[in-house]
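In what follows, a single structure is set out as structure tokens and then discussed.
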Amino acid sequence: MQYAFTAAFLALAIGGHAAPHWPFPQGSEGGWGGPGTGVAPVPGTGVGLPTGTSVAFPTGTGSSSVTDRAAADDDDEEEEEEEESSSDEEEEESSGEEEEEEEESSSDDDEEAATATTSASSSDETEAASSAAASAAVTSAASGSDSGASSGGSIPASSGTSVLSAVQTIAAGETFDGGMVAFDRGVDCTGQAEGGDSDAVFEIENGGTLSNVIIGPNQIEGVHCFGSCTLTNVWWSQVCEDAFTIKEQEAGETTTITGGGASTAEDKVLQHNGGGTLSVSGFTVSDFGKLYRSCGNCDEMVERHVILDDITASSGDILAGINSNYGDTATFTNIKASGVDTICQEFEGNDTGDEPTKGSAGPSEYCIYSESDITA
């Protein structure tokens, strides 16, 4: 009975006191906070609160802690994503910087290579310009220095004078362009007394070249050649003992004289002591004894040949003297001779030192020309 009384009392207490203090309307399905009621459920309690009611929940309880952890997880994931993104961006930036550095390095290398090429090109262009300027200067100084000029001209005006204290040697294979300066040795001519190599103005070694030079009057020997020399536009204003002498030359070699001329030679202008051939073209000579003479009594006698083309000669004794008994020959073409006694004179040479004796003169097996090759 006691138990029944207690249960009834509790039911009355609940029914009389609790209901008036919970004025929340029921939802359409009889639950608290059902849909359409305007009542929000209280998480974890089964109780609904009117919408807009502020309720403070203990920290770390209920769904709030779950939400915080989810938010924290989201934050962590966002931080990791940001870190990964930042790392990726740093790697991309680093990679980009490396690529830019490589491109800059490559560009710098290309620019350096281009600069070096430009510099080399500029250096080559500078050297070529300097060489052209030097050549132009020589050409300008050498007035009248046309190596292809025909005979018949006169000695050009000199661009200056130079007195040499010793013979000037042109080394083998080298070239000397005198720029039309008049060179001599500053000594009086000794006539037909034989001079030595040290008395010459120029000495040309095998394969050397002398051009655009005037040999002045104050000398004993003019130019000495030691094998296959080349003379271009060389003039002798007054010949002393000889103007030019081939001292040495092998049988198969040729010395060439182009242009130039000589005047006032008591005896020989061109003296041929060595072997081989002398070829002369575009040469002018006046007031002379012999234009060409093959040595008639040298210690070593050899066969020699001379080719004379486009020669203008005036007031002379013999154009060419050869030793036919040694097989010498003289060939003439385009010769203009005025006041010249003999075009070609044959001699009988010797190696004893005696004076050679004269032979025949005129066209022959050794004096090779026809009357049509000679004009006045």
Side-chain angles (χ1 to χ4, degrees), residues 131-132 134-162 164 167-184 200-216 219 221-239 242-249 253-263 265 269-272 274 276-286 288 291-292 305-313 331 333-336:
S131 176
S135 177
V138 170
T139 301
S140 176
S143 58
S145 60
D146 183 2
S147 61
S150 299
S151 66
S154 58
I155 297 176
S158 69
S159 61
T161 60
S162 178
L164 303 177
V167 58
Q168 180 166 328
T169 299
I170 300 171
E174 297 295 323
T175 297
F176 177 78
D177 188 326
M180 298 316 299
V181 170
F183 294 87
D184 63 27
V201 180
F202 288 97
E203 183 176 281
I204 308 173
E205 295 182 350
N206 197 337
T209 298
L210 176 65
S211 62
N212 301 321
V213 162
I214 298 172
I215 304 299
Q219 39 78 28
E221 298 277 343
V223 178
H224 287 180
C225 167
F226 290 85
S228 191
C229 302
T230 299
L231 277 68
T232 303
N233 198 42
V234 176
W235 297 81
W236 289 261
S237 63
Q238 186 172 329
V239 179
D242 295 320
F244 174 78
T245 303
I246 298 177
K247 302 286 285 187
E248 298 175 6
Q249 184 169 268
E253 296 179 336
T254 298
T255 285
T256 301
I257 297 176
T258 304
S263 177
V269 177
L270 308 175
Q271 173 75 25
H272 194 168
T277 300
L278 172 61
S279 177
V280 185
S281 63
F283 197 84
T284 303
V285 61
S286 63
F288 62 97
L291 172 59
Y292 170 86
H305 306 280
V306 63
I307 300 171
L308 300 175
D309 177 63
D310 184 20
I311 305 298
T312 298
T331 302
T333 55
N334 302 313
I335 304 299
K336 304 180 212 43

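No hydrogens, no waters, no symmetry mates; every other heavy atom, side chains included, goes into these values.
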Value rounded to 0.5 Å, distance of [atom1] in [X] from [atom2] in [Y]:
{"X": "S237", "Y": "I214", "atom1": "OG", "atom2": "CD1", "value": "7.5 Å"}
{"X": "Q219", "Y": "L164", "atom1": "CD", "atom2": "CG", "value": "11.0 Å"}
{"X": "E221", "Y": "F202", "atom1": "CD", "atom2": "CZ", "value": "14.5 Å"}
{"X": "S263", "Y": "F288", "atom1": "OG", "atom2": "CZ", "value": "10.5 Å"}
{"X": "I257", "Y": "Y292", "atom1": "CD1", "atom2": "OH", "value": "10.5 Å"}
{"X": "C229", "Y": "I246", "atom1": "SG", "atom2": "CD1", "value": "7.5 Å"}

key: Check: D310/S281 side-chain N/O donor and acceptor closer than 3.5 Å   =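 The answer is no; no qualifying pair exists.
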query = Looking just at side-chain N and O atoms, do N233 and S211 make a donor-acceptor pair shorter than 3.5 Å?
reply =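 Note: N233 and S211 side chains miss the donor-acceptor criterion.
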ask   = Under 3.5 Å, is there a donor-acceptor pair between the side chain of H224 and the main chain of F226?
value =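 Not confirmed, H224 side chain does not pair with F226 backbone.
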I want to check something: taking the side chain as every heavy atom from C-beta on, are [X] and [Y] in contact at a cut-off of under 4.5 Å?
{"X": "F176", "Y": "Q168", "answer": "yes"}
{"X": "C225", "Y": "K247", "answer": "no"}
{"X": "V213", "Y": "W235", "answer": "no"}
{"X": "I307", "Y": "T277", "answer": "yes"}
{"X": "V223", "Y": "I204", "answer": "yes"}
{"X": "L291", "Y": "L270", "answer": "yes"}
{"X": "K336", "Y": "S151", "answer": "yes"}
{"X": "T333", "Y": "L308", "answer": "no"}

key: With T175 via side-chain contact (heavy atoms from CB on, under 4.5 Å) - residues at least two apart   =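 Partners of T175 under the side-chain contact (heavy atoms from CB on, under 4.5 Å) test: T209.
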Which heavy atom of [X] sits nearest a heavy atom of [Y], and at what distance?
{"X": "S279", "Y": "T254", "value": "CB-CG2, 4.3 Å"}
{"X": "T258", "Y": "T256", "value": "OG1-CG2, 3.6 Å"}
{"X": "S159", "Y": "G179", "value": "OG-O, 2.7 Å"}

task = Name the orientation class of the two ring planes belonging to F283 and W236 (parallel below 30°, tilted from 30 to 60°, perpendicular beyond 60°).
result = tilted
query = Checking side-chain hydrogen bond (donor to acceptor under 3.5 Å, both in side chains) for the pair E205/T169: CA distance, chi angles, key distance, verdict?
reply = CA-CA 7 Å; E205 295 182 350; T169 299; 5.5 Å; no
